[in-house]
Asks: 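Dropping a structure here in structure tokens format, bear with me for questions.
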Amino acid sequence: MIHDFRRAPPAQIDTDLCIVGGGMAGIALAHRLAGRRLDICVLESGDDAFDRDTQSLYAGDITGLPYFDPTTTRLRHFGGSSNHWTGQTGVLEPHDMAPRAWVPGPAWPISHAALAPWYAPAARLLRFQGEGYAPAPLFRSIGLPASPFAGDALQVHIWRHSDPPMRFAAAYGPHLAAAPNIRVMLGANVADIATTENASHVTGLEIRSLAGHRAIVRARAYVLACGGIENPRLLLNATTTQKMGLGNAHDQVGRHFMEHPNVPVGRLAPADLAGLYPYVVRSPRVHQQTDWRGAVSLSPAVRTREQALGATLKLDLPRVGVLGGTGPGHAATHPGAFAANLWRRYVDGLVPTPRALPMLDLVMELEQAPDPDSRITLTAERDAIGLRQPALHWRLGALEKRTARLLAAEVARAFGRQGWGRLQPAPWLATPDDTPLNDTWPDDLEGAHHHMGTTRMSDDPRHGVVNPDGRLHGTDNLYIAGCSVFPTGGYVNPSLTILALTLRLAEHLADVLEKT
Ligand SMILES: Cc1cc2nc3c(=O)[nH]c(=O)nc-3n(C[C@H](O)[C@H](O)[C@H](O)COP(=O)(O)OP(=O)(O)OC[C@H]3O[C@@H](n4cnc5c(N)ncnc54)[C@H](O)[C@@H]3O)c2cc1C
């Protein structure tokens, strides 16, 4: 059932499992547990559509590197940011999760092999056709080599596209509404988390509506699935028994905020678009109606050798008409569709490659290393339901800069050798090493709306917030879902991994709760 907390507010809700947040992670968790022997209540702050007052509960401060406004980098209504995500994602590589001596902080406390089986059901939630992530068979299917590069520095990896992007509330809301064991409570904002004196057990949640209604929710277990800024914010606001905030005895909550910095690395004078496009084009439709594409990234071998992070290239496509030669009947108005269509026509020999090709902007998407001072804290300002607002201080370090330089150098070499084109590197890449780091990055540096690392997973409570099951260290019935638990974020968009971890968590919760 879907209820509106504001229409008929109960004084107390009793349930087995309370999921806070009806975004991608919260909906996937409830969907997976539909029909099980568990009563489940999903608390969702928003309605089923955008509402300005509810969205303004996301307001906060930004310091450090320029970042998106906290009210625009996520959506606060049923479905969460899946209501406007772009749908591009992929798997983490084993190398991304393994211990790397040059990357600060703990590695993932679970192995890639333990996570891998959950990627297939996660892909089904996004309705991908097939489950391929290996470049060789996919490129073979369109008659191209998966590794066009000599040497071992660059690799081609696979992105999958949820196309059109999966809107979780629209797609799975009806299933949750029909499930006899699930209640979704809209308009219910969690405002406080009550615990025993030593915080070893959560005793209840206080929920509030914007109209002033209040209620208590009591469950056997609770999951925070409110996104990577809001999960730490809720813990830091829960100070009744723990002055530093819940789960924060070791001052880890909110630290290690990581993004996937998107940074322009130069302009490419292309020489062979037909050769280049299949490997760096951002549209999935390079061949027929596929939902995958290749992308060029640093190989694990070179990352290890050079002690670098992960990084991949994005090609910003020229606008329709810029290349010419496609004729008035060319229907594409979307740059991705245009490029893909053009590529097919070149490959099919239907049009000659134009003589004067425009310069193309190359953008890089980088892995960010965990940094304790890149973090979420609280301001003194309170929102309309009484929670202190979040402040994000985003920092990048020398490792990210060195990684960007490495990929730019390898790409310049490889693209030249392939005859694909010449790279004119962006001036910021040449700034001296002793330039203060926040002055290093160009003005058009951006994040990607991926809020990772702020309640990271670790074996040791001194270095993280949740244990390998996603349970808050020191508290026996509070779990966290979403990419705030990632200890490191790789270089691929996080949603497929968010879903894989969430489905793994669902099985764990069913095991724990159905037994007792
Ligand atoms: C413009 C944009 C494009 C993106 N594109 C991509 C992409 O191409 N690929 C990719 O992998 N990722 C992308 N992302 C990121 C992706 O959308 C998020 O990582 C993902 O949706 C996070 O899901 P979540 O469920 O963890 O959190 P959210 O989607 O943030 O959901 C949190 C939910 O919790 C609710 N909530 C918050 N606070 C409370 C409270 N106190 N009480 C009750 N409920 C609460 C919110 O209303 C919301 O519904 C994009 C994001 C944006 C903004």
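Each ligand, and each atom within it, is numbered from 1 in the order the structure gives. We count residues from 1, following the sequence as given.
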Asks: How far is atom 23 (O) of ligand 1 from its nearest protein heavy atom, and which residue and atom name does that atom have?
Replies: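 For this ligand atom, the closest protein heavy atom is Met24 CB, 3.7 Å.
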
Asks: Among protein heavy atoms, which lies nearest atom 10 (C) of ligand 1, and at what distance?
Replies: Ser495 OG, 3.2 Å

Asks: Do Asn262 and Glu365 meet the criterion of a side-chain donor-acceptor pair at a distance under 3.5 Å?
Replies: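 Yes, side-chain donor-acceptor contact under 3.5 Å.
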
Asks: Which protein heavy atom lies closest to atom 37 (C) of ligand 1, and at what distance to 0.1 Å?
Replies: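 Of every protein heavy atom, Tyr58 OH, 3.4 Å lies nearest to atom 37 (C) of ligand 1.
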
Asks: Counting heavy atoms only, name the option from Arg233, Glu230, Met166, His161 that's nearest to atom 38 (N) of ligand 1.
Replies: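 When every heavy atom of Arg233, Glu230, Met166, His161 is considered, Glu230 comes closest to atom 38 (N) of ligand 1.
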
Asks: Looking at every heavy atom in both Ala506 and Arg32, which two are closest together, and how far apart are they?
Replies: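 Scanning both residues completely, I find the closest heavy atoms to be CB-CG, 3.5 Å.
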
Asks: In this structure, which one of His451, His84, Glu230, His449 forms a side chain to side chain donor-acceptor pair (under 3.5 Å) with Arg74?
Replies: Glu230

Asks: Quick check: Gly87 and ligand 1, any N/O pair under 3.5 Å apart?
Replies: yes

Asks: Counting only heavy atoms not in Glu381 (residues, nucleotides, ligands), do more than 12 fall under 6.0 Å from its CD?
Replies: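 Result for CD/Glu381: open.
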
Asks: Mind checking what makes ring pair (Phe, Tyr, Trp, His ring centres under 6.0 Å) contact with Trp108, not counting sequence neighbours?
Replies: Phe486

Asks: Which is it for Thr86 and ligand 1 at heavy atoms under 4.0 Å: side chain, backbone, both or neither?
Replies: both

Asks: Could you list the atoms of ligand 1 found under 4.0 angstrom from a heavy atom of Ala188?
Replies: 42 (N), 43 (C)

Asks: Which atoms from ligand 1 have a heavy atom of Gly80 less than 4.0 Å away?
Replies: 29 (O), 31 (O), 48 (C), 49 (O)

Asks: Step through the shown structure and confirm whether more than 12 heavy atoms of other residues, nucleotides or ligands are within 6.0 Å of CG on Asp443.
Replies: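 Atom CG in Asp443 is not crowded, with 12 or fewer foreign heavy atoms closer than 6.0 Å.
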
Asks: Which ligand 1 atoms are under 4.0 Å away from a heavy-atom of Asn189?
Replies: 42 (N)

Asks: Tell me: protein heavy atom nearest atom 8 (O) of ligand 1, and distance?
Replies: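 The protein heavy atom lying closest is Gln88 N, 3.0 Å.
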
Asks: Please report the C-alpha distance between Val492 and Asp96 in whole Å, then the side-chain angles of each, then the deciding distance to 0.1 Å, and finally whether the side-chain contact (heavy atoms from CB on, under 4.5 Å) criterion is met.
Replies: CA-CA 10 Å; Val492 171; Asp96 297 327; 5.9 Å; no

Asks: For His157 and Trp159, does a side-chain donor sit closer than 3.5 Å to a side-chain acceptor?
Replies: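 Yes, a side-chain donor-acceptor pair sits under 3.5 Å.
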
Asks: Any idea which atoms of ligand 1 are less than 4.0 Å away from a heavy-atom of Leu43?
Replies: 43 (C), 44 (N)

Asks: How long is the straight-line distance from SG of Cys41 back to CG of Asn181, given to the nearest 0.5 Å?
Replies: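 Here the interatomic distance stands at 11.5 Å.
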
Asks: Can you tell me the protein heavy atom closest to atom 22 (C) of ligand 1 and the distance?
Replies: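 In this structure, atom 22 (C) of ligand 1 has Ile498 CD1, 4.0 Å as its nearest protein heavy atom.
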
Asks: Any nitrogen or oxygen of His77, side chain or backbone, less than 3.5 Å from one on ligand 1?
Replies: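 Indeed, backbone or side chain, His77 has an N or O that close.
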
Asks: Specify the protein heavy atom at minimum distance from atom 51 (C) of ligand 1: its residue, its atom name, and the distance to 0.1 Å.
Replies: His449 CB, 3.4 Å

Asks: Just to be sure I read this right, does ligand 1 sit under 4.0 Å from the backbone of Ala481, its side chain, both, or neither, counting only heavy atoms?
Replies: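 For Ala481, no heavy atom sits under 4.0 Å from ligand 1.
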
Asks: Any idea which atoms of ligand 1 are less than 4.0 Å away from a heavy-atom of Ala225?
Replies: 32 (C), 33 (C), 34 (O)

Asks: For the residue pair Thr455 / Asn231, report whether a side-chain donor-acceptor contact shorter than 3.5 Å exists.
Replies: no

Asks: For ligand 1, which atoms, with element, lie under 4.0 Å from some heavy atom of Gly227?
Replies: 27 (O)

Asks: Do the side chains of Thr497 and Tyr119 get nearer than 4.5 Å, heavy atoms only?
Replies: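 Of all side-chain heavy-atom pairs linking Thr497 with Tyr119, at least one is under 4.5 Å.
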
Asks: Provide, to 0.1 Å, the distance between atom 21 (O) of ligand 1 and the closest protein heavy atom, together with that atom's residue and name.
Replies: Ser81 CB, 3.6 Å

Asks: Once you restrict to heavy atoms under 4.0 Å, what part of His451 touches ligand 1? Side chain, backbone, both or neither.
Replies: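 It is neither part, as no heavy atom is under 4.0 Å.
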
Asks: Is there a polar contact between ligand 1 and Glu44, counting only N or O atoms under 3.5 Å apart?
Replies: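 Yes; the residue has a nitrogen or oxygen that sits under 3.5 Å from a nitrogen or oxygen of the ligand.
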
Asks: Could you list the residues that satisfy side-chain contact (heavy atoms from CB on, under 4.5 Å) with Ala199, not counting sequence neighbours?
Replies: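 So Ala199 forms a side-chain contact (heavy atoms from CB on, under 4.5 Å) with Thr195, Thr241, Gln242, Leu246.
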
Asks: I'd like to know whether ligand 1 has Ala191 as a neighbour, heavy-atom separation below 4.0 Å.
Replies: no

Asks: Counting each atom of ligand 1 from 1 as listed, which ones have a heavy atom of Thr73 under 4.0 Å away?
Replies: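 Under 4.0 Å from Thr73, ligand 1 has these atoms: 53 (C).
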
Asks: As an exercise, identify every atom of ligand 1 less than 4.0 angstrom from a heavy atom of Ser82.
Replies: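 The list of qualifying atoms is 21 (O).
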
Asks: What part of Cys226, side chain, backbone, both or neither, has a heavy atom within less than 4.0 angstrom of ligand 1?
Replies: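 Within the 4.0 Å criterion, Cys226 contacts ligand 1 through backbone and side-chain atoms alike.
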
Asks: Considering only protein heavy atoms, which is closest to atom 42 (N) of ligand 1, and at what distance to one decimal place?
Replies: Val190 N, 3.0 Å

Asks: Can you confirm whether more than 12 heavy atoms, excluding those of Met244, are under 6.0 Å from its CE atom?
Replies: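 Counting neighbours around CE of Met244, more than 12 heavy atoms of other residues, nucleotides or ligands fall under 6.0 Å, so yes.
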
Asks: Test side chain to side chain donor-acceptor pair (under 3.5 Å) on Tyr67 and Glu259 and set out the steps.
Replies: CA-CA 10 Å; Tyr67 197 69; Glu259 251 286 3; 2.3 Å; yes

Asks: What do you reckon, does Ser45 have a nitrogen or oxygen under 3.5 Å from a nitrogen or oxygen of ligand 1?
Replies: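 Yes: some nitrogen or oxygen of Ser45 is under 3.5 Å from one in ligand 1.
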
Asks: Run the ring-ring contact (aromatic ring centres under 6.0 Å, His included) check on His260 and Tyr491 step by step: do they pass?
Replies: CA-CA 7 Å; His260 288 126; Tyr491 60 92; 8.2 Å; no

Asks: Sub-3.5 Å donor-acceptor pair from the side chain of Ser56 to the main-chain atoms of Asp53, do we have one?
Replies: yes

Asks: Is ligand 1 under 4.0 Å from a heavy atom in the side chain of Pro165, in the backbone, in both, or in neither?
Replies: neither

